[in-house]
Amino acid sequence: QTLTRLRLAFFEGGVHVPSRAERDALLEKLPGYFAAHVGRDLFAYLAEEDGKAVASVFLLISERPAGPAFMTARTGTILNVYTAPEYRRRGLAQTLLETAIADARQMDVSRIDLKATPMGRGLYEKLGFHPDAKNLPMTKEL
């Protein structure tokens, strides 16, 4: 499946190269996830050439209790910004991100978050993303 292939390519491109066991688990889990979520709370934006997807952006919409930073209670998370190496520097990711941002506005999303890699940071800043100085990113593995 295209979305599964692009998700794996995103990881294998240097974000986190999965082990064989992780790759096998992703191949098992991702198709069911995409089937259940695409078009509902996950929106996938693709650039294609000759019928093959060569770039992607995923927009995940979440609803949470409204707060000062997200009065509509709807937030977005950008995931899987990926362009195949031979298609980079052509504006594909920017076009896909701009489309996702416009759609998020239409869906009444208050804010969009993402985790930037050093390679993507300049593009994200150009599109108006900035570090969140109020909150330090933290995670806990379970």
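Not measured: the values here are computed from a predicted model.
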### Task
Look at the side-chain heavy atoms of Ile, Leu, Val, Met, Phe, Trp and Tyr, link any pair under 4.5 Å apart, and say whether L3 and L42 land in one connected group.
yes

### Query
CZ/F129 to NZ/K115 distance, rounded to the nearest 0.5 angstrom?
15.0 Å

### Query
Atom CG in L27, atom CZ in R5: separation rounded to 0.5 Å?
12.5 Å

### Query
When clusters are formed by joining ILVMFWY residues with side-chain heavy atoms under 4.5 Å apart, either directly or through shared neighbours, do V81 and L26 land in the same one?
no

### Query
Transitively linked via ILVMFWY side-chain contacts under 4.5 Å: L97 with F58?
no

### Message
Within the supplied structure, the quantity of interest is the number of heavy atoms (other residues, nucleotides, ligands) at a distance under 6.0 Å from E86 CD; does it exceed 12?
### Response
yes

### Task
Report yes or no: do S110 and T72 form a side-chain donor-acceptor pair below 3.5 Å?
yes

#### Entry: Intermediate values then yes/no, side chain to side chain contact (heavy atoms under 4.5 Å, CB included), V109 and I101
CA-CA 9 Å; V109 170; I101 292 165; over 6 Å; no

### Query
Crowded around R20 CZ? As in, over 12 foreign heavy atoms under 6.0 Å?
no

### Query
Is there a side-chain contact between R90 and T83 (heavy atoms, below 4.5 Å)?
no

## Note on the structure
Note: A73 and P65 closest approach over all heavy atoms is CB-C, 4.4 Å

### Message
Please report the interatomic distance CD(Q1) to CZ(F34), rounded to the nearest 0.5 Å.
### Response
6.5 Å

### Query
Within a radius of less than 6.0 Å around NE2 of H130, do more than 12 heavy atoms belonging to other residues, nucleotides or ligands occur?
no

### Task
For residues L123 and A93, report the shortest heavy-atom separation together with the two atoms involved.
CD2-CB, 3.9 Å

### Query
Counting distance only, does the side-chain N/O of S56 pair as donor-acceptor with the main-chain N or O of N80 below 3.5 Å?
yes

#### Entry: Greater than 12 external heavy atoms within 6.0 Å of M107's CE
yes

### Task
Following the transitive rule for hydrophobic clusters with a side-chain heavy-atom cut-off under 4.5 Å over Ile, Leu, Val, Met, Phe, Trp and Tyr, establish whether L8 and V54 coincide in one cluster.
no

### Side chain to side chain, L6 and L46, heavy atoms closer than 4.5 Å
yes

### Task
List the steps, then state whether side chain to side chain contact (heavy atoms under 4.5 Å, CB included) holds for R111 with D132.
CA-CA 12 Å; R111 68 182 286 162; D132 185 347; 3.5 Å; yes

### Query
Knowing that exactly one of D103, V57, V38, I61 qualifies, which makes a side-chain contact (heavy atoms from CB on, under 4.5 Å) with F43?
I61

### Query
Backbone N or O of L30 within a donor-acceptor pair of the R7 side chain at under 3.5 Å?
no

### Query
Any sub-3.5 Å donor-acceptor pair from R64's side-chain atoms to F70's backbone N or O?
no

### Query
About how many Å separate OH of Y82 and CD of E12, when rounded to the nearest 0.5 Å?
8.5 Å

### Query
Are T77 and I112 close enough, and set up right, to give a side chain to side chain contact (heavy atoms under 4.5 Å, CB included), and what steps lead you there?
CA-CA 5 Å; T77 303; I112 300 173; over 6 Å; no

### Query
Is there a path of hydrophobic side-chain contacts, each under 4.5 Å between heavy atoms of I, L, V, M, F, W or Y residues, that connects L79 with L92?
no

### Query
Could you state the interatomic distance from CD (E98) to NZ (K126), rounded to the nearest 0.5 Å?
7.5 Å

